[in-house]
Amino acid sequence: MKKTISECGCEQREDNYMFFQNLKTIQHAVTELLQMDPAHVDKLLSNGHAWAVDHIATSADDVEEVYHFITTSMGREDKYNSQQPQFVPVGFQNHLKQVMGERIEHRDGKWVVKPKTGDHVLGTHPTKKAAMKQLAAIEISKHKK
């Protein structure tokens, strides 16, 4: 009988044991977060902590990318449909625009990070994901001050 990653104790035998340990850490954190009161978490995030929303968005994108790579490489059916609509609270996009002073534009095949006003370019990236990471880094640096 085959064992799953969570059952196999792979952390002692595999070269990439930290990959499996990190998956367990992510699973534990997500399980705990999903058991919290959504209204309380939403209020906390809306009170100047948009950086946390950004971290989850970029992390989800990274995990999804690895998931698709591994399932495709192993010839397995991809059971997760990334085209399926994701939950986005009503007015969330407007909220982000108010909170964040920067924005992303798609220009000449590249993703450009710009301030809310003006045409000054803060960064140019080949992918939207890379531009989002810059926005997240900018937002994090604001909260460290």
Side-chain angles (χ1 to χ4, degrees), residues 1-107 109-116 121-145:
M1 182 167 95
K2 277 189 173 178
K3 292 183 179 182
T4 65
I5 288 173
S6 61
E7 299 169 332
C8 75
C10 295
E11 53 272 8
Q12 285 95 32
R13 296 191 308 266
E14 303 296 330
D15 291 337
N16 296 295
Y17 69 94
M18 283 306 298
F19 174 85
F20 301 106
Q21 188 57 48
N22 287 333
L23 285 176
K24 290 177 186 177
T25 300
I26 291 167
Q27 180 183 31
H28 173 76
V30 168
T31 300
E32 292 285 321
L33 287 168
L34 289 173
Q35 291 175 354
M36 293 178 183
D37 177 11
H40 182 76
V41 173
D42 186 57
K43 184 177 178 182
L44 179 67
L45 296 173
S46 298
N47 193 19
H49 296 287
W51 62 268
V53 175
D54 295 335
H55 276 300
I56 292 297
T58 56
S59 298
D61 186 47
D62 290 340
V63 170
E64 182 181 7
E65 205 172 300
V66 171
Y67 169 77
H68 290 301
F69 165 73
I70 290 175
T71 55
T72 303
S73 296
M74 296 179 78
R76 293 181 59 185
E77 179 185 345
D78 187 348
K79 295 178 183 174
Y80 176 77
N81 180 0
S82 61
Q83 301 305 313
Q84 152 184 32
Q86 302 297 312
F87 171 73
V88 178
V90 174
F92 180 72
Q93 193 169 22
N94 289 333
H95 171 72
L96 272 182
K97 286 179 182 177
Q98 291 171 352
V99 173
M100 296 182 70
E102 296 76 27
R103 67 183 190 279
I104 298 174
E105 286 182 8
H106 195 243
R107 187 190 294 173
K110 302 241 182 214
W111 293 92
V112 179
V113 178
K114 296 174 52 176
K116 194 171 197 171
V121 174
L122 302 173
T124 304
H125 304 277
T127 64
K128 186 175 182 180
K129 178 180 171 181
M132 292 292 289
K133 284 186 178 185
Q134 182 184 1
L135 281 182
I138 290 169
E139 199 61 29
I140 291 165
S141 70
K142 288 179 187 177
H143 293 282
K144 287 185 176 178
K145 295 178 181 178

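Numbers here are sequence positions counted from 1.
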Nearest 0.5 Å, please: how far is [atom2] in [Y] from [atom1] in [X]?
| X | Y | atom1 | atom2 | value |
| --- | --- | --- | --- | --- |
| F20 | T25 | CZ | OG1 | 13.5 Å |
| L45 | I56 | CG | CD1 | 9.0 Å |
| I104 | M132 | CD1 | CE | 5.0 Å |
| E64 | H68 | CD | NE2 | 3.5 Å |
| F69 | M74 | CZ | CE | 10.5 Å |

#### Entry: Those residues that, when tested against T31, pass side chain to side chain contact (heavy atoms under 4.5 Å, CB included) (two or more places apart)
Q27, Q35
Would you check if the side chain of [X] reaches a backbone N or O of [Y] as a donor-acceptor pair within less than 3.5 Å?
| X | Y | result |
| --- | --- | --- |
| N22 | M18 | yes |
| S46 | K43 | no |
| R103 | P115 | yes |
| Q134 | L122 | yes |

### Message
Could you check whether K114 pairs with E102 (Lys NZ or Arg NE/NH1/NH2 to Asp/Glu carboxylate O, under 4.0 Å)?
### Response
no
### Message
Closer than 4.0 angstrom, basic N to acidic O: yes or no for K133 and D54?
### Response
no
#### Entry: Centroid separation W111 to H106 less than 6.0 Å
yes
### Task
With the side chain counted from C-beta on, respond yes when V63 and I26 share a heavy-atom pair under 4.5 Å apart, and no when they do not.
yes
### Task
Taking all non-hydrogen atoms of both residues into account, name the closest pair between A131 and H125 and its distance.
CA-CD2, 3.5 Å
